[in-house]
Student: 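Dropping the structure in here first, questions after.
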Amino acid sequence: MHIQYVDLSKGLDDVSSVVNLMSSLFKAEREQPTNRIKPTIEDLSFEDSTPPKIDSVIIKGDHISLPYNYIFKLKQRGLSEQTRTVYSRWVCDFLENVAGQPHIAPQKRSEYLSKIPRNILVENLSIAQLNAWLGMQVSEGTNVAQAKSAILTLAEMLVEDEIIDEQSVYKLRTKTSISGSYSDKRPRKILTDEELEQFMIVSTQGESLIEIRNAVLVSLLLVLRTGEAVQAKWDNITMVDQLTYFSRIDGNQIKLPQITVTCLSRWRDILLNHSTTIELNGNIIRRFERFGKITEYGVSKNAANDTVSIISKKAGLGHISPEDLRISARRATELNKLDTIF
């Protein structure tokens with residue numbers, strides 16, 4: 001390319017020459033062939049096309065794969081710290097069980113939800129998926145209204161940031177139910193004292209590491225909700241006057257039955273033999289990697305549901321849920337039979 005130098009000190013005529021020169025250079029460059037790669041569909045915005053639908057949720061903005069700071073937006077809504085903690089737990093549970101995301105420990109939720117990809121949030125906010133997840137909460141006896149409120153709050157925040165449209169939230173609010181199609185779910189199965197004893201005998205007779213871990217899990221499920229059991233930490237366990245308690249997030253304490261204490265003690269000894277220390281804020285129920293290696297990660301609620309079902313069928317009791325087990329144990333506790341049964 002030929003470069004022409006212009007002396008600006010000679011006045012405005014040369015300034016005009018500069019303008020004419022630059023114009024001709026830009027024109028010549030536009031006329032030259034280019035080897036640039038054509039933009040792909042990922043480079044295109046949705047401004048000139050119909051926004052894509054994802055099972056009744058409509059995406060409004062582009063850059064859908066960018067991270068979304070859920071924690072920051074939640075603080076802006078003026079909710080109490082306790083409510084923000086509870087909502088964060090529900091959102092993580094939703095993403096774990098619906099979107100297939102990994103289980104997130106409580107102490108890592110803020111970090112995780114501060115940079116969660118928007119597409120993970122949007123692609124799983126459908127009526128069918130929310131109803132299915134709420135149905136899981138119904139079967140476990142959790143606070144379903146609170147769970148739904150947490151997800152609807154998330155959807156409203158996405159509307160405020162113009163990521164999804166307002167009509168999507170309206171559909172999620174009006175076409176999902178905390179009972180709905182689950183009103184005809186199977187009746188609750190309450191175990192007799194003999195059945196409860198048979199269940200625990202089968203659950204504690206295994207000698208492999210996974211079977212011992214599962215015995216701890218189901219012993220916790222005698223008195224804890226599924227979410228509490230799979231997320232239980234060692235610092236949740238306290239001893240007062242030779243009695244062992246589980247401290248809930250709300251500060252309430254639950255006395256643990258002797259069989260749970262025995263299973264915990266045995267499991268703790270095993271963990272100490274596999275690692276030098278046990279962190280107080282570490283998971284009690286640990287996931288296994290291939291070849292039987294114990295990890296620091298917890299298990300999902302689905303894994304707890306499957307564990308209870310497998311043990312109950314092995315005990316000849318048919319399918320029971322963690323909620324069936326807990327209600328059966330609570331009935332025995334109210335009759336002061338739980339420790340005597342085992």
Side-chain angles (χ1 to χ4, degrees), residues 52 54-57 59 61 63-75 83-140 142-144 146-159 161 163-164 168-169 172 176 213 217 225-233 249 281-290 293-307 322:
I54 301 181
D55 195 7
S56 82
V57 173
I59 301 175
H63 308 299
I64 196 62
S65 62
L66 292 177
Y68 185 75
N69 194 334
Y70 169 83
I71 297 298
F72 176 75
K73 291 296 298 184
L74 200 61
K75 288 181 179 179
T83 300
R84 296 199 305 268
T85 300
V86 171
Y87 277 19
S88 297
R89 174 171 61 83
W90 282 124
V91 169
C92 283
D93 185 275
F94 179 81
L95 294 176
E96 178 183 349
N97 289 285
V98 174
Q101 294 297 295
H103 174 74
I104 305 299
Q107 65 270 23
K108 296 183 179 180
R109 285 178 190 148
S110 292
E111 178 185 359
Y112 172 73
L113 293 174
S114 294
K115 51 186 177 181
I116 183 76
R118 300 182 187 189
N119 62 305
I120 292 178
L121 298 174
V122 174
E123 292 172 4
N124 294 282
L125 278 176
S126 71
I127 296 170
Q129 289 169 311
L130 181 53
N131 264 328
W133 180 70
L134 291 174
M136 291 172 55
Q137 310 312 316
V138 170
S139 67
E140 294 178 5
T142 55
N143 190 334
V144 187
Q146 186 186 73
K148 180 178 179 179
S149 178
I151 303 306
L152 290 179
T153 299
L154 166 62
E156 291 169 357
M157 289 157 50
L158 295 175
V159 170
D161 288 342
I163 297 174
I164 63 175
S168 300
V169 179
L172 289 173
T176 54
R213 190 269 322 263
L217 174 59
R225 298 186 181 95
T226 309
E228 291 176 321
V230 298
Q231 297 176 12
K233 313 297 181 189
I249 191 172
N281 62 349
N283 293 303
I284 294 177
I285 307 301
R286 307 285 188 90
R287 188 182 305 172
F288 284 83
E289 289 183 347
R290 293 179 62 186
K293 180 182 177 181
I294 303 175
T295 73
E296 63 180 4
Y297 304 107
V299 302
S300 67
K301 291 199 292 187
N302 284 342
N305 294 336
D306 293 340
T307 299

Student: Which value, rounded to the nearest 0.5 Å, describes the distance between Leu66 atom CG and Ile116 atom CD1?
Tutor: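 Rounded to the nearest 0.5 Å, the CG-CD1 separation comes out at 13.0 Å.
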Student: Between Asn283 and Lys233, is any side-chain donor less than 3.5 angstrom from a side-chain acceptor?
Tutor: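 Indeed, the side chains of Asn283 and Lys233 share at least one donor-acceptor pair under 3.5 Å.
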Student: Could you walk me through whether Ser88 and Tyr112 pass side-chain contact (heavy atoms from CB on, under 4.5 Å), step by step?
Tutor: CA-CA 10 Å; Ser88 297; Tyr112 172 73; over 6 Å; no
Student: Go through the steps to decide whether Ile163 and Tyr68 satisfy the test side-chain contact (heavy atoms from CB on, under 4.5 Å), and finish with yes or no.
Tutor: CA-CA 10 Å; Ile163 297 174; Tyr68 185 75; 3.7 Å; yes
Student: Please find the pair of heavy atoms, one from Ala155 and one from Ile164, that lie closest to each other, and give the distance.
Tutor: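 Here Ala155 and Ile164 meet closest at O-CD1, 3.8 Å.
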Student: Check whether the side chains of Tyr87 and Ser149 place a donor and an acceptor atom closer than 3.5 Å, and report yes or no.
Tutor: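 Yes, Ser149 and Tyr87 have a side-chain donor paired with an acceptor closer than 3.5 Å.
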Student: Roughly how far, to the nearest 0.5 Å, is the NZ atom of Lys75 from the CG atom of Asn69?
Tutor: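 With rounding to 0.5 Å, CG (Asn69) is 8.5 Å from NZ (Lys75).
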Student: Taking all non-hydrogen atoms of both residues into account, name the closest pair between Gln129 and Ser126 and its distance.
Tutor: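 Minimum heavy-atom separation between Gln129 and Ser126: OE1-OG, 2.8 Å.
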Student: Which heavy atom in Glu296 sits nearest to a heavy atom in Arg286, and how many Å separate them?
Tutor: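 Smallest heavy-atom distance, with atoms named: CA-NH1, 3.9 Å.
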Student: Within the structure provided, determine whether Val299 and Arg213 are in side-chain contact (heavy-atom separation under 4.5 Å).
Tutor: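 They are in side-chain contact.
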Student: Let me confirm one number: the CD1-CG distance from Ile71 to Leu113, rounded to the nearest 0.5 Å.
Tutor: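 Output value for this atom pair is 5.0 Å.
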Student: Could you tell me whether Tyr297 atom OH has more than 12 heavy atoms of other residues or ligands within 6.0 Å of it?
Tutor: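 Open.
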Student: Keeping the roles fixed (side chain from Asp93, backbone from Arg89), state whether a donor-acceptor pair exists under 3.5 Å.
Tutor: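 No: the side chain of Asp93 does not pair with the backbone of Arg89.
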Student: With rounding to the nearest 0.5 angstrom, report the CG to CD1 distance, Leu95 to Ile104.
Tutor: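 Leu95 atom CG to Ile104 atom CD1 measures 9.0 Å (nearest 0.5 Å).
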Student: Where is the tightest heavy-atom contact between Glu96 and Lys301, given as atom of each residue plus distance?
Tutor: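 It is OE2-N, 4.2 Å.
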Student: Atom CZ of residue position Phe288 - does it have more than 12 heavy atoms of other residues, nucleotides or ligands inside 6.0 Å?
Tutor: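 More than 12 within 6.0 Å, yes.
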Student: Work out which heavy atom in Pro322 is nearest to a heavy atom in Ala304; give both atom names and the distance.
Tutor: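 Nearest heavy atoms, Pro322 then Ala304: CG-O, 4.3 Å.
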Student: Would you say that Asn143 contacts Val86 through its side chain, given a criterion of any heavy-atom pair below 4.5 Å between the two side chains?
Tutor: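 Side chain of Asn143 against side chain of Val86, heavy atoms only: no contact under 4.5 Å found.
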Student: Kindly compute the distance separating NZ (Lys73) from CG (Leu154), expressed to the nearest 0.5 Å.
Tutor: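 Lys73 atom NZ to Leu154 atom CG measures 11.5 Å (nearest 0.5 Å).
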Student: Closest heavy-atom contact between Ser114 and Ser110?
Tutor: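 Closest approach of Ser114 to Ser110, heavy atoms only: OG-O, 2.6 Å.
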Student: Could you grab the distance from atom CZ of Arg287 to atom OG1 of Thr295, nearest 0.5 Å is fine?
Tutor: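 Nearest 0.5 Å value for the CZ-OG1 distance: 6.0 Å.
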Student: Picking from Ile151, Leu152, Val169, Ile120, what satisfies side chain to side chain contact (heavy atoms under 4.5 Å, CB included) with Leu125?
Tutor: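 In the set Ile151, Leu152, Val169, Ile120, the residue that makes a side chain to side chain contact (heavy atoms under 4.5 Å, CB included) with Leu125 is Ile151.
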Student: Taking Phe94 as the fixed residue, which of Leu134, Asn124, Leu121 is the one that meets the side chain to side chain contact (heavy atoms under 4.5 Å, CB included) rule?
Tutor: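 The residue from Leu134, Asn124, Leu121 that satisfies side chain to side chain contact (heavy atoms under 4.5 Å, CB included) with Phe94 turns out to be Asn124.
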Student: Please indicate whether Glu111 has more than 12 foreign heavy atoms, meaning atoms of other residues, nucleotides or ligands, lying under 6.0 Å from its CD.
Tutor: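 For Glu111, atom CD is not crowded (no more than 12 foreign heavy atoms under 6.0 Å).
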